[in-house]
Amino acid sequence: MHWADKYAEQIIRKKQKEKYVVESGISPSGIVHAGNFREIMTQDLVYRALIEKGVNAVHQFVFDDYDRFRKVPKGIPEKYSEYLGMPLSSVPDPWGCHPSYAEHYEEALMQELEKMGVITSVVRMTEEYKACRYSENVRAALEKRKQIIEILNKYRSEPHPENWMPTVIYCAKCGKEVHDQEYLGEFTIKYECKCGYSEEFDFRKKGIVKLKWRVDWPMRWAYYDVDFESSGKDHQAAGGSWDTGKRIAREVFGQDPPLGPMYEFIYLKGVKEKMSSSKGNVVSVSELLKYFEPSVLRYLYTMKINKALEVPLDQDILNAYNYFDEAENAFFSGEGDDNEKRRYSLAVIGRPKEKPIRVPFSVCVNMIQITLGDTDKAINILEGRTGHLKNASEEDKKRARERLGKAWAWVNELAPEQFRFQVLEKMPSVSVPEKEAKVLEKIAGMVEKGVDGTLIQEKIREYSEEEGASVREVFRNAYMLLLGRDRGPRLGPFLASLDPAFASARLKRKA
Ligand SMILES: [Zn+2]
Ligand SMILES: [Zn+2]
């Protein structure tokens, strides 16, 4: 059984509910790394599995935008240090295109969620806290702060002092975090800000209080009765926020913690340096989507979550596409590995009614180079000359177009040298030995007649034997004539996808 189905079953078995809650959360303080996206995807898959089991569920997506602006990141003007200590939702957008710093990153992520087919219900902590939604829970945390200190100190080398507070207060005058606060019982807090302002206020009426992360997280589990929330290694380390959160949930908020497995890291395979150099080490899902179809990327995220996920950006990207296509074949034929079929059905966005016609990524990589990035031309060749899109529907062609676009981006930006080529417009001067020249002439005859690429490939060997030529030399000369180098894509299919008149003339050294 796929892990998403296992978790869905465990969730349902644990308790009967009207609506199950799967939760993801991020602090919109920057671009979300593809690694953190694993949390969102893990939750999405469990959410899908729940829905498919016929229960009512929601994937609640929490923007922790009432979190404070902690440091000025690289690339943001230094004068932003004046906003340190304010909630992210109060810091202006450095690019000026959104009402706030938080919303700038929130929108970027929302777009990624949409592209990746992730359906969520968004909760913004600023709105909730400002509306004093959690005041009962804030009171519980304040009243039981000694217990909280004790739970947290168990894991701290430098213990929190007795007067430590679980709350962050944003000054009503200057908007920054205050450092001098006192709980006066019930719903009253007194504070004094560095700016000189001080007051006593009722936090049922004034939403300037927020719980600190380690208390805020379990508070949310309690308030929303969260059933599932996976998290990364950083939270799940011994004594991390997951460990302390479980105890705080039970002992402070009287809530059973959600099912919360750990997911492993994500690594980019092959070209890490290339992708991270200008971006300050952050590779987002948007960047990966330049090379991956969303469903293929989702398919990668359906692998076991307790294993490190390697996202291939080198030649293994060809395999990633192939595995997805194979899983799709298995799904529609009903044959093959059950787990693979399930991975496919969880991964694919807008599942097609019938098995689609897919053009292998490797074919796209070659085709788009033959047409120098012209997708329409490539589609025509795939439809007519090579037969990859024979009898294809409009939808199939649309999918092929998308894949050709990703292939073009990959070829131009990431592909290793051996995958890149350009058909020479002018014939280079290559002296072909007599026997090999005869073989090339015979091949040219086939190409001219529009013979299928696989058959051409087979015949190259046969003709070479007939003429007593070296097969290796035949290949080498053909590549030299066409590409000006001694290697290239599989020759038979490659020749079959070129313009027949051009290719045959070139093999005969006539054009
Ligand atoms: Zn903006
Ligand atoms: Zn102040």
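Ligands are counted one by one from 1 in listed order, and the atoms in each one are counted from 1 as well. Note that the numbering runs from 1 along the sequence shown for the chain.
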Mutual orientation of the aromatic rings belonging to Tyr224 and Tyr134 [parallel < 30°, tilted 30-60°, perpendicular > 60°]: perpendicular

Which of Thr42, Leu346, Val285, Val311 passes side chain to side chain contact (heavy atoms under 4.5 Å, CB included) with Tyr301? It is Val285

Just to be sure I understand the site: which N, O or S atoms from the protein are less than 2.8 Å away from the Zn ion (ligand 2)? Cys171 SG, Cys174 SG, Cys193 SG, Cys195 SG

What residues, two or more places apart in sequence or in another chain, satisfy side-chain contact (heavy atoms from CB on, under 4.5 Å) together with Asp202? Phe187, Arg204, Lys205

The test is ring-ring contact (aromatic ring centres under 6.0 Å, His included); show your working for Phe331 and Tyr344 and say whether it passes. CA-CA 7 Å; Phe331 179 83; Tyr344 169 77; 5.2 Å; yes

Please evaluate residues Glu39 and Ser231 with respect to the criterion side chain to side chain donor-acceptor pair (under 3.5 Å), reporting the C-alpha separation (whole Å), side-chain torsions for both, the decisive distance (0.1 Å), and the verdict. CA-CA 6 Å; Glu39 166 178 335; Ser231 52; over 6 Å; no

Counting no waters, how many protein N/O/S atoms sit under 2.8 Å from the Zn ion (ligand 1)? 4

Centre of Phe203's six-membered ring, under 6.0 Å away, within 45 degrees of the axis: is that where NZ or CZ of Arg139 sits? no

Just checking Tyr170 against Tyr66, ring centres under 6.0 Å apart? yes

Name the orientation class of the two ring planes belonging to Trp221 and Trp242 (parallel below 30°, tilted from 30 to 60°, perpendicular beyond 60°). perpendicular

Sequence neighbours excluded, the answer for salt bridge (Lys or Arg N to Asp or Glu O under 4.0 Å) partners of Glu310 is none

